[in-house]
Enquirer: 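Mind having a look at this structure? Questions to follow.
All values below were derived from every heavy atom in this structure, side-chain atoms included, with hydrogens, water molecules and symmetry-related copies excluded. Computed from a predicted structure; not experimentally measured. First the proteins, then the strands, lettered A, B, ... as listed; each starts at 1.
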Amino acid sequence: MKRYNPKEIEPKWQDEWNKSGIYNAIDFDPKQKFVMLCEFPYPSGTGMHIGHIREYTVGDIIARQKRMMGYNVLFPMGYDAFGLPTENYAIKNKISPIQATEDNVSNFRVQLESMGFSIDWTRSFKTSDPDYYKWTQWLFLQFFNNGLAYQEEIAVNWCPFCKTGLANEEVINARHERCDTLVEKKLLKQWLLRITDYADRLISGLNDVDYPSRIADQQINWIGKSKGAQIDFKIENSEHFIKVFTTRPDTIFGATFLVIAPDHPLVEEITKPDHKKQVNELIEQVSRQTDVERQENKKDKQGVFSGSYAINPANKEKIPIWIADYVLMGYGTGAIMAVPAHDDRDNAFAHKYELPIKYVVEPVSGEAKQNEVKKEAIVVALRNPKTNQYLILNWGPRKERYGGRLLIGGGINQSESLEECAKREIAEEIGFTNVKLVSALGYRVHSHYFSNVVNKDVYAVISGMLYDLIDETTQETQLDEGEKDKFKLEWMEEDSALRSIDDKAHLHIFEALVKNNVFSGEGIISDSGHYDGMSSSLMRDKIVSDLDAQGSAKEKVNYRIRDWIFSRQHYWGEPIPIIHCPKHGAVAVPISDLPVELPKVDHYEPTDNGESPLAAIDEWVNVPCPVCGGPARRETDTMPNWAGSSWYYLRYFDAHNDQAFADRSKLDYWGSVDLYLGGMEHTTLHLLYSRFWHQFLYDQGLVPTAEPYAARRGQGIILGPDGSKMSKSKGNIVNPTEIIDSGYGADSLRLAIAFLAPYDLTSPWSPESLGGTSRFLNRLWTLVHEFNNQDGGISESIELKQVINKTILKVSQDLEQLGFNTAIATLMECMNEIYLIKAKDSYKSVEWQWAIETLLKLIAPFAPHITEELWHEMGNDDSIHQSEWPKYDKKYTLIDKSIIAVQVNGKLRGDITLANVNASQDDVMAAILKDEKISKYITDQKIDRIIYIESKLINLVIK
RNA sequence: GCCGGAAUGGCGGAACUGGUAUACGCGCACGACUCAAAAUCGUGUUCCUUUAUUGGAUUGAGGGUUCGAUUCCCUCUUCCGGCACCA
């Protein structure tokens, strides 16, 4: 018998497929289309890594199965070729980036083919092809012509290692995501794309696509929409207003000062002469700070008083204007109203500079009920300073509406001060008389609860206080006889008290007093004129509309996302197709002159001065203005490497069109991508950028769909065998080419990688699993060869039909949900069972022929080479990959006998087997009583209840 | 701090809308074949107890709902990812 040798059969079939072109997609085919897209690779010098293999293997499995299911599948591949790594690689090796790209691309192509991916190579391209980037430039001009691409001088994130400006999305923890270098700020004139105009659409569009919530949430998070109000505060003795953005306009009566950013345009205007020195010092100090230092100094906020005051438009009060580093010019309006009572940062700042704190929101717990008894009350946290413990009253087990552990509390008597009340309650309930007030909560707490003392619903407005116990001598308590034993006293440390207090209002008071928490939640408005008593959510709408009526506020939505910085100061990218004319400003390069090709030069090293290396090439830079023909200069910045990938999927629909980025009829046919696989790290980069481009193109009527990708799945990272991220320095990199060459072959690798874990899960690579998958393929090989060598014997096996049909059902279901690991497990199980069946009987028959061919088809998407080989060895002439996906026969997937689990009081005590599928409860009970092993658990017991789940389980409840 | 996700044998992981936890694979142990090894095949493999039978425990921890919870609810711990002086 011939041995299974992947090295022999895999290249053979790869060649065969290449020649026959069976994987090429057909435009306008009447079959239903399916676009299976995987993120195209960046052709680096190091070749493909295992992460690529995972993504493309999974994409290939789906593409192959969909093809067998009768879809017209487009499974394309290209190369994301522009960008820094190639440029750096070329500089280092002293070759041109064009050459470096060619070399790397052909290397990738060989690797991709060695995996047997069913890619339509006729539609392949790389983003650095002038034929391709012509259209990237053309699309950029659509943005430009619609005012969505603009130039501005701004402080950009500058990577000193890569010597280029970066988009916010490329900066992770103040470092460049590619090279991990700390970024600096540099003032440069940059091209930007107005992605902020699409912020809302990028959020709402997520409702129309099938993305996992972790991806959608991350994008929503990144866009950072927050609803609030913009409020104008008039500067005293000035015509100017300071606009502040706040999400909590309901707290405006608590605004005791304003803070503006050090780089706010009004700083000079409001700074009084005798404050100038301090203000300038602050500005200088802040400007020296790097982002990292700013992060570190977060806790210690620096600020100075400007000397000016503003008028709070809500109550016309005069409040000081401060300048401080914790307010950022880059978000909102660069100015805030500070409400130290209800904001952590403002609170810290107010404490540091001794600014007033005014409470205007009071928390509420419980729900208001009809006919509540309203009362004023106090709650006291009593501390023993010697032991640092707090007194808790234990009112017995916590019931639905009363009991549990509480602080000391009680109602306030008429004409009694809070302190008198507190002292009285402590004395009455506990008996301590020598206590001292430590602090009182600045606001009250509203609590709706049920009192079992008066047997009524109570609405208490509670003042909280913290007392120290000075003298532990106990005096007789003055409780009534009945009340005495109602609670026990417990002394607790702070932590256990926080965990033990059962009532929300008491807990809030305790936490606020002991931990000095700032209350930033919702509640009831107080100390705010005629708004008192409103809920904060109602107040929020009311105050904005009232102030709006005076013209000093309006509703406002703010976004965290910034416009996309689109300039790069590098050679290896698409030139931005703009010509700067002294008379006409920035002028678009006419379409007939596209593409603006990169000049072929010897030196293209980046510069330190923020200028692109292209700026030094005079003969390329100096061109006539397309409008007036006068002397003008080309834009010398290039596009980021996210440009080419923002629309590449559309190009696959019509890859070689030189009249348009793609023909409209082909765009209409292929529509949007049906399934898009890619890395989680692109969620707020490429995935967001390309959705933005696509939405814009849709608005321009250039594409037929509103969203580019109907469904997206993010892939988990494959870690090194040691469980940590693969990296050169750790030496734990797994090289796919080595695995193929070692003799396991592509099929074993494909199986191992798909079997490893669910696609979206990060998990470590285990080299041993290749042994398992390769054993599985060997068993398949043996099965078919033994079958082919049999001569005669007839077998009719219901069992065989059942096994195969159940496998068809399960594998089809699993693939639908991208459950590759469980699909393979099912196939392995199927193989095990087939071996058991075949051991019982000779198996040359029509039925076995069908069973084995079906099994081959089910395995074909996972292991395309070996199945194609065996398919042909069984006498088929066509390709298995063009055969039809098997359908299951329902008759053989149903259960034909029942094994019923028997539980007694929920504990498994055995099982009984009945021939009848729909056995009644009485049948089952009869069988149980006959079964000694099980019935011993129920003899002499009264069966209280029987729960019977047909053909599955019976549970006998015994008292 | 905020938003996601996760926690199941020695390891990767499985379990549909609550219904026999640990499928499948790896690893390990023993056996067969072999002079021997590898490969292959067979058997076993959650843990504790026991020679075995048996019994008991078990899905990060604690509580709840239920006849029954890996699955639902509450509290907490740890880990991973994202955001973060965002007003």
Enquirer: For A:R713, give me all partners under salt bridge (charged side-chain N to carboxylate O under 4.0 Å, His left out), at least two apart in sequence or on another chain.
Expert: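 Once residues adjacent in sequence are excluded, the partners of A:R713 under the salt bridge (charged side-chain N to carboxylate O under 4.0 Å, His left out) criterion are A:D210.
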
Enquirer: Rounded to the Å, how far apart are A:I50 CD1 and B:G12 P?
Expert: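 Distance check: A:I50 CD1 to B:G12 P gives 18 Å.
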
Enquirer: What integer number of Å spans the C1' atoms of B:C74 and B:U65?
Expert: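 Each nucleotide's C1' atom is 11 Å from the other's.
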
Enquirer: Would you find more than 12 non-hydrogen atoms of other residues, nucleotides or ligands less than 6.0 Å from A:K185 atom NZ?
Expert: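 Atom NZ in A:K185 is packed in, count exceeds 12.
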
Enquirer: Check nucleotides 56-65 of chain B against the protein and report each pair of N or O atoms closer than 3.5 Å, with its distance, or say if there are none.
Expert:
from, atom 1, to, atom 2, distance (Å)
B:G56, OP2, A:R909, NH1, 3.4

Enquirer: Write down the distance separating the P atoms in B:A7 and B:A57, rounded off to the nearest Å.
Expert: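 About 24 Å, rounded to a whole number of Å.
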
Enquirer: Quantified in whole Å, what is the P atom distance between nucleotide B:C24 and nucleotide B:U43?
Expert: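 Nearest-Å result for B:C24 against B:U43 at atom P: 12 Å.
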
Enquirer: What is the per-nucleotide protein-contact pattern of nucleotides 21-27 of chain B, from the 5' end, where B denotes a base atom under 4.0 Å from a protein heavy atom, S denotes such proximity for sugar-phosphate atoms only, and - denotes neither?
Expert: --BBSSS

Enquirer: From A:S552 OG over to A:I231 CD1, what is the distance, rounded to the nearest 0.5 angstrom?
Expert: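 Reported to 0.5 Å precision, the distance equals 8.0 Å.
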
Enquirer: In whole angstrom, what separates A:I928's CD1 from B:U20's C1'?
Expert: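 Roughly 13 Å, once rounded to whole Å.
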
Enquirer: Taking only residues two or more places apart in sequence, or in another chain, which ones meet A:D760 in a salt bridge (charged side-chain N to carboxylate O under 4.0 Å, His left out)?
Expert: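 Expected list: none.
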
Enquirer: Atom NE2 of A:H342 and atom P of B:G1: how far apart are they, to the nearest Å?
Expert: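 Computing the A:H342:NE2 to B:G1:P distance gives 21 Å.
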
Enquirer: Taking the P atom of each, how far is B:U49 from B:G1, in whole Å?
Expert: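 After rounding to an integer number of Å, I get 43 Å for this pair.
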
Enquirer: Can you list everything that forms a ring-ring contact (aromatic ring centres under 6.0 Å, His included) with A:Y326? Sequence neighbours excluded, please.
Expert: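 So A:Y326 forms a ring-ring contact (aromatic ring centres under 6.0 Å, His included) with A:F349.
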
Enquirer: Working to the nearest 0.5 angstrom, can you tell me the gap between A:L688 CG and A:I215 CD1?
Expert: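 If we round to the nearest 0.5 Å, A:L688:CG and A:I215:CD1 are 12.0 Å apart.
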
Enquirer: Going by the rule salt bridge (charged side-chain N to carboxylate O under 4.0 Å, His left out), which residues pair with A:K352 if we only count those two or more places apart in sequence or in a different chain?
Expert: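 Applying salt bridge (charged side-chain N to carboxylate O under 4.0 Å, His left out) to A:K352 gives A:D300.
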
Enquirer: How far does the C1' atom of B:C76 sit from the matching atom of B:C28, given to the nearest Å?
Expert: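 About 37 Å, rounded to a whole number of Å.
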
Enquirer: For B:G9, does the glycosidic angle fall within 90° of 0 (syn) or outside that (anti)?
Expert: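 B:G9: syn glycosidic orientation.
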
Enquirer: Under 4.0 Å, counting only non-hydrogen atoms across every strand here, what does A:L756 touch: a base, just sugar-phosphate, or nothing?
Expert: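 The residue A:L756 makes sugar-phosphate contact but no base contact.
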
Enquirer: Mark up nucleotides 81-87 of chain B, 5' to 3', with B wherever a protein heavy atom is under 4.0 angstrom from a base atom, S wherever such an atom reaches only the sugar-phosphate, and - elsewhere.
Expert: -BSBBBB

Enquirer: If I take atom CD1 in residue A:I949 and atom C1' in nucleotide B:U17, what distance separates them, rounded to the nearest angstrom?
Expert: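 Rounding to the nearest Å, CD1 of A:I949 and C1' of B:U17 are 13 Å apart.
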
Enquirer: Heavy-atom distance under 4.5 Å between the side chains of A:I954 and A:I949, does that happen here?
Expert: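 With C-beta onward as the side chain, the pair stays apart.
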
Enquirer: What residue pairs, at least two apart or across chains, pass side chain to side chain donor-acceptor pair (under 3.5 Å) with a residue in residues 815-836 of chain A?
Expert: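 Qualifying pairs, neighbours excluded: A:R779-A:N832, A:D814-A:T822.
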
Enquirer: Can you check the distance between B:G60 and B:C67, where both ends of the measurement are the C1' atom (answer in whole Å)?
Expert: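 Here B:G60 and B:C67 have their C1' atoms 27 Å from each other.
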
Enquirer: For RNA chain B, list all stems, counting runs of three or more consecutive pairs where every pair is Watson-Crick or G-U wobble with both distances under 3.5 Å.
Expert: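 As far as RNA chain B goes, consecutive pairing (with distances under 3.5 Å) yields the stems B:1-7 with B:77-83, B:10-12 with B:24-26, B:27-32 with B:40-45, B:46-48 with B:55-57, B:60-64 with B:72-76.
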
Enquirer: Taking the nucleotide of RNA chain B with the closest heavy atom to each, which residue, A:P764 or A:R214, is nearer the 5' end?
Expert: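 The residue mapped nearer the 5' terminus is A:R214.
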
Enquirer: Using the ring pair (Phe, Tyr, Trp, His ring centres under 6.0 Å) rule, collect all pairs that involve residues 752-777 of chain A, keeping only residues at least two apart or in two chains.
Expert: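 Residue pairs with at least one partner in residues 752-777 of chain A: there are none.
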
Enquirer: Taking atom P in both B:G13 and B:U58, compute the distance separating them and give it to the nearest angstrom.
Expert: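 One P to the other, the span is 25 Å.
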
Enquirer: State the CG-CE distance between A:L783 and A:M831, to the nearest 0.5 angstrom.
Expert: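 The distance works out to 6.0 Å.
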
Enquirer: Rounded to whole Å, please give me the gap between CD in A:Q813 and C1' in B:A14.
Expert: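 So the CD-C1' distance, A:Q813 to B:A14, works out to 15 Å.
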
Enquirer: Name the orientation class of the two ring planes belonging to A:Y353 and A:W322 (parallel below 30°, tilted from 30 to 60°, perpendicular beyond 60°).
Expert: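 Aromatic pair A:Y353/A:W322 classed tilted.
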
Enquirer: Take atom NZ of A:K838 and atom C1' of B:G42, then tell me their distance rounded to the nearest Å.
Expert: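 The distance from NZ of A:K838 to C1' of B:G42 comes to 14 Å, rounded to the nearest Å.
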
Enquirer: Distance-only criterion, 3.5 Å: show the donor-acceptor pairs between side-chain atoms of residues 250-260 of chain A and protein atoms not counting sequence neighbours.
Expert:
from, atom 1, to, atom 2, distance (Å)
A:D250, OD1, A:R248, NE, 3.1
A:D250, OD2, A:R248, NE, 3.2
A:D250, OD2, A:R248, NH2, 3.0
A:T251, OG1, A:R248, O, 2.8
A:T256, OG1, A:P356, O, 2.8

Enquirer: With distance as the sole criterion, is a donor-acceptor pair present between the side chains of A:N558 and A:S226 under 3.5 Å?
Expert: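 Their side chains do not contain a donor-acceptor pair, so the 3.5 Å distance test is not met.
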
Enquirer: Report the distance from atom CD1 of A:I717 to atom CE of A:M680, rounding to the nearest 0.5 Å.
Expert: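 The CD1 atom of A:I717 sits 9.0 Å away from the CE atom of A:M680.
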
Enquirer: With 3.5 Å as the limit, what N/O pairs link the protein to nucleotides 73-79 of chain B?
Expert:
none

Enquirer: Counting neighbours of CD on A:E555 that are heavy atoms of other residues, nucleotides or ligands and sit closer than 6.0 Å, is the number greater than 12?
Expert: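 Atom CD in A:E555 is not crowded, with 12 or fewer foreign heavy atoms closer than 6.0 Å.
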
Enquirer: If I pick the P atom on B:U70 and the same atom on B:U59, what distance separates them, to the nearest angstrom?
Expert: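 My reading of the P atoms in B:U59 and B:U70 gives 6 Å.
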
Enquirer: I want to know whether A:H785 and A:Y4 have ring centres closer than 6.0 Å.
Expert: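 Ring-ring flag for A:H785/A:Y4: false, centres at least 6.0 Å apart.
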
Enquirer: Rounding to a whole Å, what distance do you find between A:L953:CG and B:C16:P?
Expert: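 From A:L953 CG to B:C16 P: 16 Å.
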
Enquirer: Return the value, rounded to whole Å, for the distance between atom CG of A:L836 and atom P of B:C41.
Expert: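 Nearest whole value for this atom pair: 13 Å.
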
Enquirer: Side chains of A:W222 and A:E169: any donor to acceptor distance under 3.5 Å?
Expert: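 Their side chains do contain a donor-acceptor pair, which is all the 3.5 Å distance test asks for.
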
